[in-house]
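Reading through the structure tokens given below for one structure.
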Amino acid sequence: MTIPTQPFVDGHYQAGGGKPITLINPATEETLIEVSGAGEPAITAAVESAHHAWKSGWRDLAPGKRTEILFNVARKLREHAEEIAQLEMQQIGKPIADARDEAGLGARVFEYYAGAVTKFYGQTIPVSSGGFDFTLRESMGVVAAIVPWNFPFPIACWKAAPALAAGNCVVLKPASLSPLTALKLGEIAHAAGLPKGVLQVLPGSGSTIGDALVTHPLIRKISFTGSTEIGRHIMSLASRDLKRISLELGGKSPNIVFADSNWELAAEKSPMSVFANTGQDCCARSRMFVERSVYEPFVEKFIAATKALVIGDPAKEATQIGPLVATGQRASVEEFLADARQSGSTFACGGNRPETKGYFLEPTVLLDVGKGDRCWREEIFGPVVAIVPFDDEVEMLEEVNASPYGLSGSLWTNDLSRALRVSRAVQCGVLSVNTHSSVHVEAPFGGFKTSGIGRDLGMAAMEGYTELKNVYIAS
Ligand code: NAP
Ligand code: MG
């Protein structure tokens with residue numbers, strides 16, 4: 001397996017000329033490899049070449065041909081799935097079983113949008129003046145996709161695939177901690193027949209590359225996944241020339257368990273709804289609300305299920321929880337834990353580093369957390385959950401919706417009317433009932449309130465990569 005070390009521009013790897021990035025394997029704390037970051041000339045070359053590729057071919061390619069190429073990309077991604085999974089595991093410490101699932105998910109996203117190219121229609125509108133009126137969904141030009149390190153490969157795919165399917169060219173900026181699988185995507189997609197320049201991949205620091213892309217006059221849309229703080233920054237820069245934006249940002253998602261539900265099953269399943277990916281998940285169900293009559297037995301079962309999780313070497317098939325992505329990420333989670341200790345929360349389990357190399361941290365269950373505490377209010381992005389009891393549905397929902405975030409949520413009940421009522425009341429973009437499943441390739445994914453603007457996945461994402469044109473012909 002060759003590990004990519006340079007930006008992928010104009011159909012091949014080339015020197016970036018920017019600051020090098022040293023990648024560290026978070027499970028071993030050893031240096032993995034150095035990647036050349038993209039400097040100013042590489043950024044300009046990537047955007048200009050993407051614009052040229054759009055104008056001179058990709059935009060006007062017959063839809064059936066675009067479908068064929070994107071299906072080829074999906075096929076090649078499946079052929080290289082193990083290589084992608086291994087790279088992901090090494091660069092961010094993702095357990096290999098999850099990394100394999102996510103490599104497959106990336107390929108599935110390309111399959112979905114390959115098929116979507118020829119099923120993406122406009123409308124004919126019977127305007128009152130007569131004549132003939134119809135709409136077109138037109139590509140925008142060059143899209144900048146800026147992605148985070150927690151699900152590097154699938155998120156890169158779920159931004160690139162719909163943007164390409166809609167006829168745009170893409171400049172992809174992976175997070176500094178996770179450039180390898182994004183670079184592989186560029187290489188594999190071009191080997192599968194994507195014309196030169198249609199997808200460029202620029203590793204490098206967000207503050208330089210990010211700002212250069214967001215302010216570049218040839219970029220028409222920025223599709224970003226990351227923190228709410230950087231999302232705000234991008235939105236304000238994009239306002240200068242009214243670039244289109246979609247932002248998938250942070251979360252502090254609720255997990256609501258009613259006594260009428262199969263709460264034993266909820267207790268068994270819920271630890272992975274917050275601890276999967278070591279809690280570094282924007283959809284992590286980090287605030288649990290449990291109806292008081294089942295609170296104590298629920299907590300007991302939840303803790304038992306948490307203690308049974310397999311933590312350790314991400315290269316092992318059975319591992320469920322790997323390390324945090326970097327030493328800084330662990331330090332930031334530990335600051336939250338120090339705050340919880342100070343404010344008198346009960347540590348029902350976890351809270352410490354296991355005695356092993358790597359940036360590991362035990363899954364931590366907090367009880368007696370105050371509504372004003374940082375661990376209750378803020379996104380921790382680590383393996384920490386707070387569980388509180390509730391008595392009254394209305395009051396509980398007020399607290400659920402008091403969060404400035406609104407990304408995802410789970411609800412456990414066997415009462416159909418309650419399921420419908422509460423599903424409508426929770427202010428979030430993605431809600432799951434009697435499960436924690438948040439991501440479906442075919443369905444829209446994104447947040448309310450400070451969790452974002454716009455949607456990834458489904459046909460909603462493809463709409464978001466087009467401008468809507470109305471054409472009226474007099475008769
Ligand atoms: P981040 O700091 O916002 O970084 C995300 C991406 O933005 C990275 O590629 C980063 O590059 C880049 N970036 C940094 N500064 C930038 C700037 N000034 N202009 C443009 N781009 C810039 O977030 P993160 O720390 O990687 O990820 C954690 C956050 O992402 C959490 O808050 C989480 O909730 C959120 N997230 C949300 C979703 C969702 O779908 N809603 C999914 C995953 C993660 P560098 O790596 O080089 O700094
Ligand atoms: Mg950051």
Side-chain angles (χ1 to χ4, degrees), residues 228 250-259 263 266-309 311 321 323-324 327-355 359-392 395-405 407-410 412 436:
T228 296
K252 188 75 188 172
S253 298
N255 186 356
I256 305 162
V257 180
F258 284 96
W263 58 266
E268 228 172 82
K269 298 282 180 200
S270 291
M272 280 304 270
S273 78
V274 60
F275 300 135
N277 215 39
T278 324
Q280 304 164 122
D281 181 348
C282 52
C283 288
R285 308 308 201 260
S286 53
R287 291 187 297 158
M288 286 219 64
F289 299 79
V290 181
E291 199 164 3
R292 194 176 300 274
S293 60
V294 296
Y295 176 75
E296 280 188 15
F298 178 92
V299 168
E300 199 177 306
K301 272 192 179 295
F302 185 100
I303 290 167
T306 299
K307 287 183 172 162
L309 294 173
I311 304 162
I321 314 279
L324 287 151
T327 179
Q329 187 64 20
R330 181 168 64 180
S332 136
V333 177
E334 284 175 334
E335 271 181 38
F336 279 96
L337 296 182
D339 199 84
R341 282 194 183 94
Q342 186 119 41
S343 46
S345 295
T346 303
F347 282 63
C349 71
N352 300 304
R353 298 177 179 189
E355 281 177 22
Y359 310 127
F360 290 91
L361 189 62
E362 293 166 352
T364 305
V365 179
L366 299 177
L367 309 176
D368 309 310
V369 177
K371 301 281 159 70
D373 293 356
R374 277 189 74 206
C375 283
W376 184 254
R377 296 254 155 245
E378 296 178 28
E379 182 178 50
I380 301 175
F381 228 57
V384 184
V385 69
I387 313 183
V388 300
F390 73 88
D391 298 293
D392 177 73
E395 277 173 26
M396 177 272 294
L397 285 170
E398 263 172 38
E399 184 56 28
V400 163
N401 291 332
S403 171
Y405 291 115
L407 186 55
S408 64
S410 296
W412 296 79
H436 296 301

(request) Applying ring pair (Phe, Tyr, Trp, His ring centres under 6.0 Å), name anything that partners Phe275, two or more places apart in sequence or on another chain. (result) none
(request) Find out whether Met288 and Val299 are in side-chain contact, i.e. whether some heavy atom of one side chain is under 4.5 Å from a heavy atom of the other. (result) no
(message) Can you list everything that forms a salt bridge (Lys or Arg N to Asp or Glu O under 4.0 Å) with Glu334? Sequence neighbours excluded, please.
(response) Arg353
(message) As an exercise, state the distance from OG1 of Thr346 to CG of Asp368, rounded to the nearest 0.5 Å.
(response) 3.5 Å
(request) Give me the one residue out of Leu309, Ile303, Val365, Ile321 that meets side-chain contact (heavy atoms from CB on, under 4.5 Å) with Pro271. (result) Leu309
(message) Quick check for you: to the nearest 0.5 Å, what is the distance between Glu335 atom CD and Cys375 atom SG?
(response) 11.0 Å
(message) Would Phe302 and Val385 count as a side chain to side chain contact (heavy atoms under 4.5 Å, CB included) here? Give the steps.
(response) CA-CA 11 Å; Phe302 185 100; Val385 69; 3.8 Å; yes
(message) Going by the rule salt bridge (Lys or Arg N to Asp or Glu O under 4.0 Å), which residues pair with Glu398 if we only count those two or more places apart in sequence or in a different chain?
(response) none
(message) Please list all pairs meeting ring pair (Phe, Tyr, Trp, His ring centres under 6.0 Å) that have one or both residues in residues 328-353, counting only residues at least two apart or in different chains.
(response) none
(message) As an exercise, state the distance from CG of Leu337 to CG of Leu361, rounded to the nearest 0.5 Å.
(response) 6.0 Å
(request) Could you pull out all residues at least two apart from Trp263 that satisfy ring pair (Phe, Tyr, Trp, His ring centres under 6.0 Å)? (result) none
(message) What's the separation between atom CD in Glu291 and atom CH2 in Trp412, rounded to the nearest 0.5 Å?
(response) 15.5 Å
(message) Listing request: all salt bridge (Lys or Arg N to Asp or Glu O under 4.0 Å) pairs with a residue in residues 270-289, at least two apart in sequence or in separate chains.
(response) none
(request) Determine yes or no for a side-chain-to-main-chain donor-acceptor pair under 3.5 angstrom, with Glu379 supplying the side chain and Gly251 the backbone. (result) yes
(message) Please find the pair of heavy atoms, one from Leu324 and one from Gly382, that lie closest to each other, and give the distance.
(response) CD2-CA, 4.1 Å
(request) Can you sort out the partners of Arg377 under salt bridge (Lys or Arg N to Asp or Glu O under 4.0 Å), two or more places apart, ordered by chain and number? (result) Glu399
(message) Could you report the tightest heavy-atom contact between Ser408 and Ser253, atom names first, then the distance?
(response) OG-OG, 2.9 Å
(message) Treating Thr364 as the side-chain partner and Val384 as the backbone partner, does any N or O pair qualify as donor plus acceptor under 3.5 Å?
(response) no
(request) Applying side chain to side chain contact (heavy atoms under 4.5 Å, CB included), run through Tyr359 and Val333 and close with a yes or a no. (result) CA-CA 11 Å; Tyr359 310 127; Val333 177; over 6 Å; no
(request) Kindly give the heavy-atom pair with the smallest separation between Ala284 and Gly279, and that separation in Å. (result) CB-O, 4.1 Å
(request) Measure from the side-chain N and O atoms of Lys307 to the backbone N and O of Gly350, and report whether any donor-acceptor pair falls under 3.5 Å. (result) no
(request) With rounding to the nearest 0.5 Å, note down the distance linking OG in Ser270 to NZ in Lys301. (result) 12.5 Å
(request) Mind listing the closest non-hydrogen atom pair of Ala348 and Leu367 along with its distance? (result) CB-CD1, 3.8 Å
(message) Checking Phe258 now: which residues fulfil ring pair (Phe, Tyr, Trp, His ring centres under 6.0 Å) with it, not counting sequence neighbours?
(response) Phe390
(message) When you compare the side chain of Ser332 with that of Phe381, does any pair of heavy atoms fall below 4.5 Å?
(response) no
(message) Please check this pair: side chain of Ser403 against backbone of Tyr405, looking for a donor-acceptor N/O pair closer than 3.5 Å.
(response) yes
(message) With heavy-atom distances below 4.5 Å as the criterion, would you say the side chains of Val257 and Tyr295 are in contact?
(response) no
(request) May I ask you to test the Ile380-Ser286 pair for a side-chain heavy-atom distance under 4.5 Å? (result) no
(request) With rounding to the nearest 0.5 Å, note down the distance linking OG in Ser343 to CZ in Arg374. (result) 10.0 Å
(message) Holding to side-chain contact (heavy atoms from CB on, under 4.5 Å), I want the full list of residues that pass it with Pro354, two or more places apart in sequence or in another chain.
(response) Thr356, Phe360, Glu362
(message) For a quick test of reading the model, state the closest non-hydrogen atom pair linking Arg341 to Gly351 and the distance between them.
(response) NH2-O, 3.1 Å
(request) Tell me, please, which residues at least two apart from Glu268 pass side chain to side chain donor-acceptor pair (under 3.5 Å). (result) none
(request) Apply salt bridge (Lys or Arg N to Asp or Glu O under 4.0 Å) to Asp391 and list each qualifying residue two or more places apart in sequence or on a separate chain. (result) Arg292
(request) Please report the shortest heavy-atom distance between Gly250 and Leu407, naming the atom on each side. (result) O-CB, 4.1 Å
(message) Which residues pass the ring pair (Phe, Tyr, Trp, His ring centres under 6.0 Å) test with Phe289, not counting sequence neighbours?
(response) Trp376
